[in-house]
2 protein chains.
Amino acid sequence: MGARSYGQYCGVTTAVELIGERWALLIVRDLLVGPRRYTDLKQGLPRIPTNILSARLKELQEGGVVRRVPLHNCGLVYELTPYGRALEPIMLALGRRGFQTMGEPSPDDVVTPDSLTMALRTAFQADAATDAEYELHVRDVALRASVRAGTLTVARLAPESSLPERGPVPERGPVPERGPVPERGPVPERDTLPERDPLPERGAKRRDEGPDREPDAVIVAGRGIRRLIAGELTPAEALAQDVLAVVRGDETFLDSFARTFHIAPLTELTKESAS
Amino acid sequence: MGARSYGQYCGVTTAVELIGERWALLIVRDLLVGPRRYTDLKQGLPRIPTNILSARLKELQEGGVVRRVPLHNCGLVYELTPYGRALEPIMLALGRRGFQTMGEPSPDDVVTPDSLTMALRTAFQADAATDAEYELHVRDVALRASVRAGTLTVARLAPESSLPERGPVPERGPVPERGPVPERGPVPERDTLPERDPLPERGAKRRDEGPDREPDAVIVAGRGIRRLIAGELTPAEALAQDVLAVVRGDETFLDSFARTFHIAPLTELTKESAS
DNA sequence: CCGGATCCGAATCGATACTG
DNA sequence: CAGTATCGATTCGGATCCGG
C-alpha cells in the first residue's frame, strides 16, 4: 500500500489521494485556464519548489488528469485531459467556498492572471449576466472579460503570456492586431486609485463585436474587487471609497459587472465557534 | 505568513489551505454523516495518527467548519457548523470523482460505515429513485438505506454506533425496539457469497412505513457493489457472477437499487496518457 | 531561457507511548 | 474518553546545478 494511502476503499479518499496533495489542485487550477509550460506553471505558482512541481505533474499524468503535449515549434506544454477538465465544477465550488472565507490579502500575497481568471469564472452568474466587455486590472494583472449570451470568456492582457491564448494555431488568418495594452505605469497596490485617466484616443476602432472592440469599461481595482463581488459594497460605495475606479467607459457598467460577477456570502452567524 | 500559505490571494488557495490538509476532508466526510466523538472519528479513520486528528480538529474549529458540543450525558462530540455542512456538495462531487477512478481495493483497505454512507449519498440519483427500503451489507458494515419521495436516509446498523443516530434526544417516546441485526456470521470478504439464507421469521412485523419495517431487499455485496453502481455489471450479471447476493426480499429490487444508486463512468478514452 | 534533477535543512506526518 | 508527548520517517521548501 502506498505510503500516502488513507487505507480506505472509498471514493473521497481515492480522489483526495491524487488531487489532495499539496499544490496539485493549484496546478490544475492554472491548467483549467489553458495549456501551460513548465516554466509558466512555475511563474503562476511562485512559491512552488521545482521538485514538487515536477513530482505533481508526474502524479497527475499517471492519474490521467494531465497530459504532456509537444508543441509544434519545439516546446512542450502540459494540458488537462478531458478527464482533468472534468474537475472544473469541483474547482469552481472550492473557489466559491474559499472566496466566502477570504479576508484581506497578506502583505506578500500575489495575484496571478490564472488565479484571477478562475476567480472570475467562479463568480460568474450566467443567468444574471448581461452582455458586456470588461477590462479588469488588479495589481499588475490585466484581463479582458467578455460576456456574450450568458457565456464568459476571459483573455489575458498582462503580463503577456508567452503562449497563444487558445490552441496553438490561429484558425483564420494572422493573429489580429490588438491595440497596445493601455500603459499608465504600474497600477497602485493601494486601494486608493488615480483620478480618472483620460487616455489618448486610440486609432479609430469601431465598437463592433469580437474580442477587439473597445471594452465597455476598464475597471482598475485594488483589493476592493473582493468586497464588490461579495456584495459588501455596492458599486456606488466602491467608487465613493476609491477602492475601485472605472478609468474608461461608463461607470454604470460597474452595476452590470457586479450583477454578472457575484458570490453571496455565507451568513455570518454560522462562523462562530462554541465552547 | 503561515508556513503553509500558498502565497496567493485567491479563493481556491484559501479553501485548500484549510480543508486541503491531509485527513481534513475525511474528518469532514465522517462528520457529514453525523456528530462524532473523538474516538468515533479515530475508529472511522483507522490510520490517522491521534495527534493529527487533534490538530485537524483544532484547525477546522478555527476555520469555523467544526464545533465542539458537550453532550448532555457527560461527553463531547464534534459536529459540523452550518458552514461546514455547506461543504457537502464539494464532498459529493469529490466522491463521485473518486468513484469513477477507483479500482479494486487494496488487500488491507477498510470500509467504514461513514464512508459507505457517504458513498451511497454520492451515488444517489434523486430523480431516478423509487421508494424502497434496502439493507446493505458490505464486509462487516451494515446500513439501512431508506428511499422515500426522492429523499435518501441512511442509518447505521452495524457495527453499532455508540451515538444515537440523529440528535441526542429521541423526540417521541422511547427509542423503538429494533429487531436484532441479522446475524449470519461474518460476511465473507470474497465476492462469492453464501447461498440465499432463509432467516427465521422474526416476530410478526407488518410492512408498514417507517424505518422499522422489513427491508424490501437485503443486499450482501463484496466489492461487486462498485461495479454495479458504475453500471459495469447489470443486476442480473452481478447475481450470476456471485459478486452480490440478495439474501432476503425480491431480487427485482436490485434493479431499482441500481437505478437509484448510480455513478456513470467517465469515458475510458480520456484516461490514457500521451508521450 | 527551458525543463527539469539534486541536495539539504526545516517542517510535517506517522506510530507509539503516556496522562488527566 | 480525550487527548498530549515524543521521536523516527517522510515530505516539503529553497537553492543550486545541469543538459539541451
Side-chain angles (χ1 to χ4, degrees), chain A residues 1-8 13 16-18 20-27 30-31 35-61 66-79 108 110 159-163 275, chain B residues 1-8 13 16-18 20-27 30-31 35-61 66-79 108 161-163 168 275:
Chain A
M1 175 169 25
R4 43 201 209 206
S5 163
Y6 288 100
Q8 305 201 352
T13 55
V16 168
E17 279 168 19
L18 177 59
E21 289 298 307
R22 194 159 165 75
W23 293 105
L25 226 33
L26 301 190
I27 294 170
D30 284 8
L31 290 179
R36 292 288 181 266
R37 286 180 305 192
Y38 189 90
T39 321
D40 300 327
L41 291 169
K42 209 162 60 164
Q43 270 199 349
L45 274 5
R47 312 195 12 146
I48 194 175
T50 172
N51 57 340
I52 298 294
L53 176 55
S54 173
R56 292 295 173 269
L57 284 172
K58 218 161 290 173
E59 295 159 17
L60 290 173
Q61 263 178 92
V66 156
R67 192 162 35 188
R68 273 166 138 248
V69 178
L71 228 44
H72 57 292
N73 48 351
C74 277
L76 179 60
V77 291
Y78 293 90
E79 69 173 20
D108 40 16
V110 300
E160 288 220 49
S161 167
S162 55
L163 239 40
S275 182
Chain B
M1 177 170 26
R4 46 201 207 204
S5 162
Y6 288 99
Q8 304 200 354
T13 56
V16 167
E17 278 167 19
L18 176 59
E21 288 300 305
R22 194 160 166 74
W23 293 106
L25 226 32
L26 301 190
I27 294 170
D30 284 9
L31 290 179
R36 292 287 180 265
R37 286 179 304 194
Y38 189 89
T39 321
D40 301 327
L41 291 168
K42 209 163 61 165
Q43 270 198 350
L45 276 3
R47 312 192 15 144
I48 195 175
T50 172
N51 55 341
I52 297 296
L53 175 56
S54 174
R56 292 295 174 269
L57 284 172
K58 219 161 291 174
E59 295 160 15
L60 290 173
Q61 264 178 90
V66 156
R67 190 162 35 189
R68 273 167 138 248
V69 179
L71 228 44
H72 56 293
N73 48 351
C74 277
L76 180 59
V77 291
Y78 293 89
E79 70 174 21
D108 39 17
S161 168
S162 56
L163 237 40
S275 182

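Keep in mind that this is a model prediction, so the values were computed, not measured. Below, chain A is the first sequence line, B the second, and so on; all start at residue 1.
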Send over the distance from Q43(B) CD to dA2(D) P, rounded to a whole Å. 11 Å
Which residues pass the side-chain hydrogen bond (donor to acceptor under 3.5 Å, both in side chains) test with T50(B), not counting sequence neighbours? Y38(B)
Between the two ends of the helix from dC1(C)-dG20(D) to dG20(C)-dC1(D), what is the bend in degrees, rounded to 10 degrees, where each end axis spans five pairs? 20°
Can you see which heavy atom on A24(B) is nearest to which on L60(B), and at what distance? O-CD1, 4.1 Å
Starting at CG of L53(B) and ending at P of dT4(D), how long is that distance when rounded to a whole Å? 10 Å
Give a yes/no on whether any side-chain N or O of Y78(B) is located under 4.0 angstrom from OP1 or OP2 of dC1(D). no
To the nearest 0.5 Å, how far apart are CZ in R68(B) and CD in E79(B)? 12.5 Å
Base, sugar-phosphate alone, or nothing: which one does S54(A) contact when heavy atoms must sit under 4.0 Å apart? sugar-phosphate
Could you grab the distance from atom CG of L26(B) to atom CG of L31(B), nearest 0.5 Å is fine? 11.0 Å
Would you classify T39(B) as touching base, sugar-phosphate or nothing, given that sugar-phosphate means primed atoms plus P, OP1 and OP2, and contacts are heavy atoms under 4.0 Å? sugar-phosphate
May I ask you to verify if any side-chain N or O of Y38(A) is less than 4.0 angstrom from the OP1 or OP2 atom of dA5(C)? no
Is there side-chain contact between L41(A) and L57(A), with heavy atoms separated by less than 4.5 Å? yes
Nearest-Å distance, CD1 (I27(A)) to P (dG4(C))? 12 Å
d(R4(A) CZ, L18(A) CG) to nearest 0.5 Å is 9.0 Å
Identify the heavy atoms of R22(A) and S5(B) that sit nearest to each other, and give their distance. NH2-O, 3.7 Å
Within this structure, what is the CG-to-P distance between L60(A) and dG4(C), rounded to whole angstrom? 14 Å
To the nearest angstrom, how far is E17(B) atom CD from dT12(C) atom P? 13 Å
Can you tell me if R56(B) uses its side chain to pair, donor with acceptor, with the backbone of L25(B) under 3.5 Å? no
Picking from dC1(D), dG3(D), dG4(C), which would you name as closest to the side chain of R68(A)? dG4(C)
Specify the separation, in whole Å, of atom CG of L57(B) and atom P of dG3(D). 8 Å
Atom pairs under 3.5 Å, N or O on each side, protein against nucleotides 11-13 of chain D: can you list them with distances?
unit_1  : atom_1 : unit_2 : atom_2 : d
dC12(D) : OP1    : R56(A) : NH2    : 2.6
dC12(D) : OP2    : R56(A) : NH2    : 3.3
dG13(D) : OP1    : R22(A) : NE     : 2.5
dG13(D) : OP1    : R22(A) : NH2    : 2.9
dG13(D) : OP2    : W23(A) : NE1    : 2.9
dG13(D) : O6     : N51(A) : ND2    : 3.3

Applying side chain to side chain contact (heavy atoms under 4.5 Å, CB included) to R47(A) and Y6(B), what does each step give before you reach the verdict? CA-CA 7 Å; R47(A) 312 195 12 146; Y6(B) 288 99; over 6 Å; no
Rounded distance in Å - NZ (K58(A)) to C1' (dG3(C)): 11 Å
Would you kindly give the NZ-to-P distance between K42(A) and dG14(D), to the nearest whole Å? 13 Å
